[in-house]
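Predicted model only: the values in this text are computed from it and were never measured. Because only heavy atoms are used, hydrogens play no part in the values below, and waters and symmetry mates are left out as well, while side chains stay in.
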Amino acid sequence: MQSNEKPARIFVVDDHAVVRQGIIRLIANEPSLAVCGDAGEVGAALSGILAEKPDVAIIDLSLGSGDGIELIKSVLAQVPSIRILVLTMHDDALHLERAVRAGARGFVTKQEVAAEILIALREVLEGRVYLSRQVSPKLLMQLIRAPGGDDDPIVRRLSDRELQVLRLIGQGKATKEIANALHLSVKTIESYRSSIKQKLDVTSALDLVHFAMRWVLTGEEKRPATDSAT
């Protein structure tokens with residue numbers, strides 16, 4: 001970028017204030033980049049991004065009371081020109097696949113060094129797609145693995161919204177809490193839970209909770225042996 005050009009405007013979304021401020025400080029040292037806003041939850045992020053219309057929005061996938069995938073979809077549905085760079089703790093192919101399908105143009109894990117974020121930002125600003133060096137080999141293995149095989153993650157059967165509900169179940173949230181967090185009715189969440197149980201082939205609410213907790217804590221994606229009687 002030439003010195004007489006305006007710096008690219010970046011909006012930062014992460015529910016951890018320390019992480020958010022770290023990214024802001026990193027960008028502040030780059031003359032060609034400028035932070036135009038930041039937010040820690042979905043509502044404020046969506047309104048802020050739509051008001052500021054940044055060149056790039058850096059979005060975490062896990063936002064506590066919300067979901068980064070749904071935020072990406074909402075942003076791009078209203079302002080398709082905004083480029084999305086995902087910065088997340090998740091380094092598996094499943095989250096990458098969901099993020100790219102939602103419209104993300106870059107994917108960087110929080111385990112990467114700070115310089116990786118700047119590289120990713122510049123690539124995305126140039127109109128290219130950027131995948132973290134840590135994630136790329138895992139994605140390649142996912143792509144060459146036969147779908148439906150023994151190693152195929154069972155959670156791939158879930159829709160983005162069902163995956164979001166599963167994550168909240170794994171975080172110990174009750175049905176009413178999930179409904180409040182997602183601004184949906186309790187009946188709708190119960191319907192999602194029923195669908196998730198069917199797709200994951202678990203037979204009880206307790207089995208579902210155990211599976212969800214294992215998945216959130218360890219990334220285990222295979223259906224465990226039944227933990228309780230039906």
Side-chain angles (χ1 to χ4, degrees), residues 13-17 19-20 38-50 57 59-78 84 86-104 110 153-230:
V13 183
D14 195 293
D15 62 343
H16 292 93
V19 174
R20 210 162 61 243
D38 67 282
E41 54 91 19
V42 171
L46 181 58
S47 60
I49 292 171
L50 295 181
I59 297 178
D60 187 11
L61 293 185
S62 302
L63 295 171
S65 62
D67 182 76
I69 295 292
E70 294 301 318
L71 175 59
I72 292 170
K73 291 179 180 178
S74 297
V75 168
L76 295 180
Q78 299 179 68
I84 306 295
V86 167
L87 177 65
T88 178
M89 63 179 290
H90 303 292
D91 64 353
D92 57 278
L94 175 66
H95 284 88
L96 171 59
E97 177 187 341
R98 299 294 172 103
V100 171
R101 195 166 61 195
K110 291 182 178 179
I154 194 172
V155 291
R156 288 173 63 90
R157 302 175 184 177
L158 305 182
S159 69
D160 289 338
R161 180 65 88 178
E162 288 168 344
L163 199 67
Q164 183 181 12
V165 171
L166 181 68
R167 183 178 297 114
L168 291 172
I169 292 172
Q171 292 172 357
K173 307 260 184 214
T175 299
K176 187 175 182 180
E177 292 176 297
I178 297 172
N180 291 336
L182 301 183
H183 306 290
L184 297 172
S185 69
V186 169
K187 185 176 181 180
T188 297
I189 299 303
E190 289 174 345
S191 178
Y192 278 125
R193 290 181 69 115
S194 178
S195 176
I196 293 168
K197 283 169 58 181
Q198 183 177 8
K199 289 183 179 181
L200 298 184
D201 195 22
V202 295
T203 55
S204 73
L206 183 58
D207 288 342
L208 177 60
V209 170
H210 286 175
F211 175 90
M213 286 183 170
R214 273 191 286 266
W215 178 64
V216 167
L217 292 174
T218 70
E220 181 181 333
E221 297 172 329
K222 299 295 179 181
R223 181 172 63 87
T226 302
D227 293 306
S228 61
T230 56

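Ion pairing of Lys187 with Glu190 is absent here, as no side-chain N (NZ or NE/NH1/NH2) approaches a carboxylate O to less than 4.0 Å.
Between the CD1 atom in Ile189 and the NZ atom in Lys176 there is a gap of 13.5 Å [rounded to 0.5 Å]. Here CD1 of Ile196 is found 14.0 Å from CG of Asp201. Values are rounded to the nearest 0.5 Å. A distance of 5.0 Å separates CD1 in Ile72 from CD1 in Ile59, rounded to the nearest 0.5 Å. Between His16 atom NE2 and Ser62 atom OG the span is 9.0 Å, to the nearest 0.5 Å. The distance from atom OG1 of Thr88 to atom CD1 of Ile69, rounded to the nearest 0.5 Å, is 8.5 Å.
Closest approach of Met213 and Gly170 over heavy atoms only: CG-O, 3.6 Å. Closest of all the heavy-atom pairs between Asp38 and Arg20 is OD2-NE, 2.9 Å. Between Ala45 and Leu71, the shortest heavy-atom contact is CB-CD2, 3.8 Å. Smallest separation of non-hydrogen atoms from Lys73 and Ala102: CG-CB, 4.0 Å. Closest heavy-atom contact between Glu162 and Lys199: OE1-NZ, 2.8 Å. In terms of heavy atoms, Ile178 sits closest to Val165 at CD1-O, 4.2 Å.
Considering only residues two or more places apart in sequence or on other chains, Arg193 meets the salt bridge (Lys or Arg N to Asp or Glu O under 4.0 Å) condition with none of them. Scored by the salt bridge (Lys or Arg N to Asp or Glu O under 4.0 Å) test, Lys110 finds Asp14, Asp60 as partners (sequence neighbours excluded).
A side-chain N or O of Gln164 and one of Arg161 form a donor-acceptor pair less than 3.5 Å apart.
When side chains are defined from C-beta on, Leu168 counts as touching Leu182, because their heavy atoms get closer than 4.5 Å.
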task = Dump the intermediate steps for side-chain contact (heavy atoms from CB on, under 4.5 Å) on Leu46 and Gln78, then the final yes or no.
result = CA-CA 10 Å; Leu46 181 58; Gln78 299 179 68; 4.1 Å; yes

Full working for side-chain contact (heavy atoms from CB on, under 4.5 Å) between Tyr192 and Ile169 = CA-CA 11 Å; Tyr192 278 125; Ile169 292 172; over 6 Å; no

request  = Begin with the C-alpha distance, continue with both residues' side-chain angles, and end with the deciding distance and a verdict on side-chain contact (heavy atoms from CB on, under 4.5 Å) for Leu200 and Leu158.
outcome  = CA-CA 8 Å; Leu200 298 184; Leu158 305 182; 4.2 Å; yes

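No donor-acceptor pair closer than 3.5 Å links the side chain of Gln171 to the backbone N or O of Lys173.
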